[in-house]
Amino acid sequence: MKTVIVMTSLFLGIAATGFAQDKPVKAPPASVKEAFQKQYPGVKAKWELEDGNYEASFTSKNVKTSALYDEKGKLQETETAISQEEFPRAAKEFIAQKKLGPIKETAKIVKPDGTIQYEAEIKKTDYLFDAKGAFLRAQKD
């Protein structure tokens, strides 16, 4: 009986981990594709499904960029890679004070209403900060 319980728990744990990851998508719905092409004419993107939204990853003006759309084609956010020099000093100070580790990547996130956030990837965790560099939350990558 213990073996059955352990095996079931193990299976459920593996299945849950698989569902939590981004899934490659060959083609998003037409509404999403149209919205992306309107915003980025002629740009080719790699598509993934992220938490029920469609993420287009591409390079624009030699900058790694992604745009996230809901299933109706409404833009949720745009994320662009930035240098660590462009990353807010307050956020860098928070990371240093908490001894979170070396920053792998930094990005600027812009919401449709113009709200700006910053993201630092450290040890497979994304740390989010507001426009002034104040810590908002951490989420597993």
Trainee: Under 4.5 Å between any side-chain heavy atoms of Asp70 and Leu75, yes or no?
Mentor: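 When only atoms from C-beta onward are counted, Leu75 and Asp70 do not touch, as no gap falls below 4.5 Å.
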Trainee: Would you check, one step at a time, whether the test side chain to side chain contact (heavy atoms under 4.5 Å, CB included) holds for Ile103 with Glu121?
Mentor: CA-CA 6 Å; Ile103 299 172; Glu121 182 183 338; over 6 Å; no
Trainee: Any side-chain heavy atom of Leu100 sitting closer than 4.5 Å to one from Tyr127?
Mentor: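 SC-SC contact between Leu100 and Tyr127 confirmed.
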Trainee: When the ring centroid of Phe94 is compared with that of Phe135, is the distance short of 6.0 Å?
Mentor: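 Yes; Phe135 has its ring centre under 6.0 Å from that of Phe94.
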Trainee: Would a hydrophobic clustering, with Ile, Leu, Val, Met, Phe, Trp and Tyr connected at side-chain separations under 4.5 Å, put Leu128 with Ile82?
Mentor: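 No, no single cluster joins them.
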Trainee: Does the side chain of Tyr54 come within less than 4.5 Å of Leu49's, by heavy atoms?
Mentor: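 Of all side-chain heavy-atom pairs linking Tyr54 with Leu49, at least one is under 4.5 Å.
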Trainee: In sequence, state the C-alpha distance, the side-chain angles, and the governing distance for Glu105 and Lys64, and then conclude on salt bridge (Lys or Arg N to Asp or Glu O under 4.0 Å).
Mentor: CA-CA 11 Å; Glu105 293 180 355; Lys64 186 176 161 185; 3.4 Å; yes
Trainee: Filter on side-chain hydrogen bond (donor to acceptor under 3.5 Å, both in side chains), then keep only pairs touching residues 32-47, sequence neighbours left out; what's left?
Mentor: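 Those involving residues 32-47 are Gln39-Tyr69.
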Trainee: Are any of the side-chain heavy atoms of Glu86 and Thr106 separated by less than 4.5 Å?
Mentor: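 SC-SC contact between Glu86 and Thr106 ruled out.
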Trainee: Given Gln117 and Leu136, is the side chain to side chain contact (heavy atoms under 4.5 Å, CB included) satisfied, shown in steps?
Mentor: CA-CA 9 Å; Gln117 294 180 343; Leu136 297 172; 3.6 Å; yes
Trainee: Is any side-chain heavy atom of Thr125 closer than 4.5 Å to a side-chain heavy atom of Asp141?
Mentor: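 They are not in contact (no side-chain heavy atoms under 4.5 Å apart), so the answer is no.
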Trainee: Check for me whether the distance between the ring centres of Phe36 and Phe58 falls short of 6.0 Å.
Mentor: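 Yes.
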Trainee: Testing the basics here: between Glu77 and Pro112, what is the closest heavy-atom pair and its distance to 0.1 Å?
Mentor: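 Looking at all heavy atoms of both residues, the closest pair is N-CD, 4.4 Å.
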Trainee: Output the distance between atom CD (Glu55) and atom CD (Glu50), rounded to the nearest 0.5 Å.
Mentor: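 Going from the CD atom of Glu55 to the CD atom of Glu50 covers 4.5 Å.
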Trainee: Using side-chain heavy atoms (C-beta onward) and a distance below 4.5 Å, is Arg137 in contact with Gln139?
Mentor: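 Side chain of Arg137 against side chain of Gln139, heavy atoms only: contact under 4.5 Å found.
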Trainee: Can you give me the closest heavy-atom contact between Ala131 and Pro88, atom names plus distance?
Mentor: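 So the two residues come closest at O-CG, 4.5 Å.
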Trainee: Would you say the side chain of Ile122 lies within less than 4.5 Å of the side chain of Ile95, judging by non-hydrogen atoms?
Mentor: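 They are in contact (side-chain heavy atoms under 4.5 Å apart), so the answer is yes.
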Trainee: Kindly compute the distance separating CD (Gln76) from CG (Asn53), expressed to the nearest 0.5 Å.
Mentor: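 Output value for this atom pair is 5.0 Å.
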Trainee: Near Lys108 NZ, under 6.0 Å, is it more than 12 heavy atoms from other residues, nucleotides or ligands?
Mentor: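 Result for NZ/Lys108: open.
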Trainee: A side-chain contact here means heavy atoms from C-beta on lying under 4.5 Å apart; do Thr65 and Glu79 qualify?
Mentor: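 The answer is no; the side chains never approach within 4.5 Å.
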